[in-house]
K.L.:
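Below: one structure in structure tokens.
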Amino acid sequence: MTNQLRNQNYTVDQVRAALSQFSDHCAQRPDQNHLGLLAQMHSCCEILQAPPDDVAEPEARAALARLARAVGTFVEKVILDEAADIATGLALFPSALAAFGAILDQNQTTAADELEPKFRRCAGLDSAAPRKIAPAAPGMAPPPVAKPAPVAAQPKAEDDAYVSEPLILDMDEREHLTGFVDEAREHMDAIEAALLDVERDPTDLSKINELFRPIHTIKGIAGFLNLRDINRTAHEVETILDLARRAELNITPTTVDLFFAACDALKQQIASIAGYLGTPDGKPVPQPEITGLIGRLRLAAAGQLVESDGRQSAKGAASSDEPAAAPATPGAAPHPESAAQSESAKQSADASLRIDTAKLDQLIDWVGELVIAQTMVNLNQVVRTDEGLTRNVTHVAKIVREIQECAMSMRMVPIGPTFQKMKRLVRDVGRKAGKDVELRIDGEETELDKTVIQQISDPLVHMVRNSVDHGIEPPEDRRKVGKSEQGTVALDAYHQGDSIVIEIRDDGRGLNRAKLLAKGIERGLVSANDQLTDQQVYSLIMEAGFSTAEKITDISGRGVGMDVVRRNVEQLRGKIEIQSEEGKGTTFLIRLPLTLAIIDGMLVRVGSERLIIPTIMIERSLRPTPDQIHLVQRHGEMLMVRGELYPIVGLGPLFGYTDHVNPCESLVVICQCEGQKMGLVVDELIGQQQVVIKTLGERFKQIRGVSGAAILGDGRVGLILEPTGLLRLHNSHQAGAAKGGARSGGNDGVRLISSLAANEEQLSTVG
Amino acid sequence: MSTTLQAVQPRKISQNTKGGKYLTFSLAGEEYGVEILKVREIIGLMDITAVPQMPHYMKGVINLRGKVIPVVDLRLKFGMPAAEYTEQTCTIVVDVGNLMGIIVDTVQEVLDIDAAQIDPPPPLGVAVDTSFILGMGKVKEQVKILLDIDQVLTAEELAMLSEMEGQKDGD
């Protein structure tokens with residue numbers, strides 16, 4: 001059976017170029033240690049194997065392909081250290097070069113015909129049929145060797161186990177290695193995704209091909225860079241895939257598991273190389289043990305791998321029926337489509353450009369400045385008096401807005417790949433827990449800020465794992481309650497208003513409100529008298545260490561790390577909502593801002609300073625009446641609104657901007673953050689506006705209650721408030737005031753600081 | 001507070017006591033100089049946004065063409081009495097790893113001071129901290145105190161750190 005997919009015909013020029021390269025390589029007298037050189041020669045042979053129609057007479061062409069294939073196989077064997085007679089083969093290279101020349105220039109095939117069996121012998125293919133069969137050109141008579149003989153294709157798997165050698169990286173090739181690590185990681189993602197597809201339908205040739213390509217690339221580069229373990233692992237996987245796509249071997253669930261193991265090994269190898277590149281010390285790079293893996297892969301290639309359990313082998317048997325039918329379908333059917341796919345993938349790869357994030361951030365910073373500067377111009381009185389100028393300014397404003405949108409969109413990447421990674425996770429966790437769980441993915445094309453994606457990835461892993469591990473019931477429980485045995489976890493991402501929602505939904509057992517509440521009371525997080533909404537009760541699982549201690553069988557484990565998840569999400573200025581119905585399932589909604597660079601804020605005035613409160617945290621604002629204010633121990637003021645009590649935080653005194661003000665004479669903005677609510681006393685609400693966030697830098701890192709700064713329309717700097725920190729500051733401030741006795745004015749914090757500062761200065765003067 | 005002591009005590013013998021161009025300015029009648037290479041620009045007084053929980057000499061932050069940078073009142077930093085800001089008051093933007101503004105009474109001139117004209121800081125006893133001082137520049141019978149501006153502003157950072165610790169203790 002010919003495989004047309006790999007069959008890419010080259011042009012005459014390419015063939016000639018390959019031949020001249022080959023001649024150069026030969027001139028360098030390669031031996032088995034010149035792996036890089038050999039890899040290049042192998043590529044040349046691959047080109048020569050698929051000559052175009054017009055390169056020579058058909059017969060000569062076939063001879064060329066045959067010889068090239070034999071030489072290529074030999075080179076590959078040399079690289080893999082499997083060749084039967086390396087020395088003879090290497091010595092034959094010049095004659096092979098001459099034979100190639102004879103075919104191309106004079107249609108002379110005699111030399112080639114003589115040489116081909118020699119190379120095959122040297123490669124160790126003498127009696128057995130080749131393990132690897134290169135594609136035949138269309139229109140070419142099937143070469144005599146192309147008849148595969150699967151039974152004879154058993155490799156010498158058992159006799160010699162693979163022994164890995166210490167890997168010492170050549171730091172001269174550092175650049176290449178770094179490039180390889182980056183590229184390989186991308187390929188690994190593609191491989192895992194393709195592998196999951198193959199697992200779903202092991203008979204789909206186009207999927208196997210999709211898997212083949214990145215593996216082949218990794219193998220090639222690894223060989224080139226002398227990364228033997230990676231090269232060998234990839235090679236063994238490739239061998240199996242090659243057999244599979246020639247329908248000589250069935251991909252069984254066991255094989256797929258083996259592939260996953262190989263993927264993990266490859267990832268580890270790549271990671272350790274990456275680690276070494278970070279801190280090169282000249283010592284061998286630690287590598288995972290792969291002897292067993294290679295052995296199993298070889299067994300699998302030989303079709304001798306034992307299925308691991310009954311269920312799986314049953315599945316394997318079922319799928320093994322299908323490939324038998326596969327050749328009946330026209331072999332070319334899936335090909336055009338996948339060829340087109342790869343074509344379009346190639347195009348989109350060409351049309352994109354890698355940019356340093358720092359540069360992009362700089363651009364966005366400048367665009368932010370442009371927007372502010374533009375606003376300032378707009379507000380200028382002179383502009384309003386001149387009609388022509390107004391028109392021009394409006395025009396510029398429009399362009400500036402477009403630029404801003406464009407710059408912002410550059411940071412946006414689709415969430416698809418992040419979701420795809422969860423597939424593997426669901427599969428692994430599900431297996432470990434003995435559950436059959438399907439992951440459904442929607443909204444893959446939804447775009448998020450790159451930073452957000454990076455930071456949301458870990459929490460997402462956590463939540464998905466939780467859903468599979470704790471949300472979904474074991475199959476027997478599911479059967480008992482009349483659900484299908486297969487559980488479902490669904491991931492979705494979509495826009496809602498000016499935020500992005502990521503949804504993690506499972507159809508498991510749901511949260512048990514009563515148990516959560518009991519646990520919450522036990523831990524002293526809530527009191528039995530509290531009237532809590534469902535939302536509030538569910539939020540308990542996000543309290544630190546909530547479920548780590550006692551065993552609540554129903555929800556055990558849920559909550560481990562959920563506090564970390566919440567913190568991560570809140571760092572991104574997002575929120576988590578939980579919806580749950582007992583017995584039906586749980587849904588987590590992560591609400592995130594569209595971008596991290598801009599926030600919607602409420603500009604407020606406190607004394608002579610202006611501050612920004614993130615709109616997402618504001619619940620409402622009001623001017624309290626005296627009867628709504630309650631004093632606690634003559635210190636803490638509390639505001640009672642509709643039966644809820646909020647601590648009142650006087651921003652002015654807290655920041656040292658003003659003295660204590662009576663909340664009834666000013667405004668109170670009710671904010672909530674991390675489940676805590678508070679009322680912030682401000683003098684005036686100026687209005688809502690979007691601001692570009694600036695960090696305050698290292699120097700102000702320790703400030704509590706302020707998350708950053710923004711440049712306001714008039715060019716002044718406004719501080720952005722962070723309510724959680726504010727509340728903490730307020731509490732310590734209160735404690736300090738209580739300790740210090742009388743609470744006067746409210747300048748305590750400032751005084752505390754200045755006295756400390758003075759103290760410090762004295763000390764440094766002494767020093 | 002012991003951290004501060006330890007951090008300030010090991011006095012580095014600065015290698016920068018060589019001659020070169022210095023920007024001079026006055027501060028409560030005293031004349032100071034900073035290496036011109038450290039100076040980014042001189043700007044008039046700008047609107048300063050106060051930042052809470054900061055020592056009193058850290059006046060706050062300003063918007064330097066889109067960059068938010070901290071400003072320090074050098075008079076207060078050196079324990080001198082505060083002064084009204086006038087037309088003469090200037091902010092010198094210096095580069096100490098990151099940009100920072102220092103508020104001074106008046107900026108004077110750029111002087112070329114030879115290494116020969118620079119004396120090491122005299123021992124002034126425990127009353128005066130000389131760790132900020134590169135040397136004393138003698139120019140036409142006048143003495144300019146040449147500041148190690150990195151030291152001035154980094155020490156301030158250390159001070160802030162210990163303050164935060166002190167504050168935490170108070171919690």
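Chain naming here is simple, since letters A, B, ... match the order of the sequence lines and numbering starts at 1 in each.
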K.L.:
Does NZ belonging to B:K67 count more than 12 external heavy atoms closer than 6.0 Å?
P.N.:
no
K.L.:
Going by side-chain hydrogen bond (donor to acceptor under 3.5 Å, both in side chains), name the residues that satisfy it together with A:S409, two or more places apart in sequence or in a different chain.
P.N.:
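Testing A:S409 for side-chain hydrogen bond (donor to acceptor under 3.5 Å, both in side chains), a comparison that skips the adjacent residues, returns none.
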K.L.:
Identify the two heavy atoms, one from A:L719 and one from B:P52, that lie closest to each other, and give their separation to 0.1 Å.
P.N.:
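It is CD1-CD, 3.6 Å.
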K.L.:
By side-chain hydrogen bond (donor to acceptor under 3.5 Å, both in side chains), which residues pair with A:N662, not counting sequence neighbours?
P.N.:
none
K.L.:
Flag yes if more than 12 heavy atoms outside B:E87 fall under 6.0 Å of its CD atom; otherwise flag no.
P.N.:
no
K.L.:
Verify, without hydrogens or angle tests, whether A:R716 (side chain) and B:N63 (backbone) share a donor-acceptor contact under 3.5 angstrom.
P.N.:
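No; zero donor-acceptor contacts below 3.5 Å.
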K.L.:
How many angstroms lie between atom NZ of A:K694 and atom CD1 of B:I69, to the nearest 0.5 angstrom?
P.N.:
12.5 Å
K.L.:
Can you tell which of B:I62, B:V68, B:I48 has the highest number of heavy-atom pairs within less than 4.5 Å of chain A?
P.N.:
B:V68
K.L.:
Can you list the steps and then say if B:V51 with A:V706 is a side-chain contact (heavy atoms from CB on, under 4.5 Å)?
P.N.:
CA-CA 9 Å; B:V51 177; A:V706 175; 5.8 Å; no
K.L.:
So, does B:T49 use its side chain to make a donor-acceptor pair with the main chain of A:V717 at under 3.5 Å?
P.N.:
yes
K.L.:
Taking B:Q53 for its side chain and A:F655 for its backbone only, find out whether a donor-acceptor pair lies under 3.5 Å.
P.N.:
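Here the side-chain-to-backbone pair does not exist.
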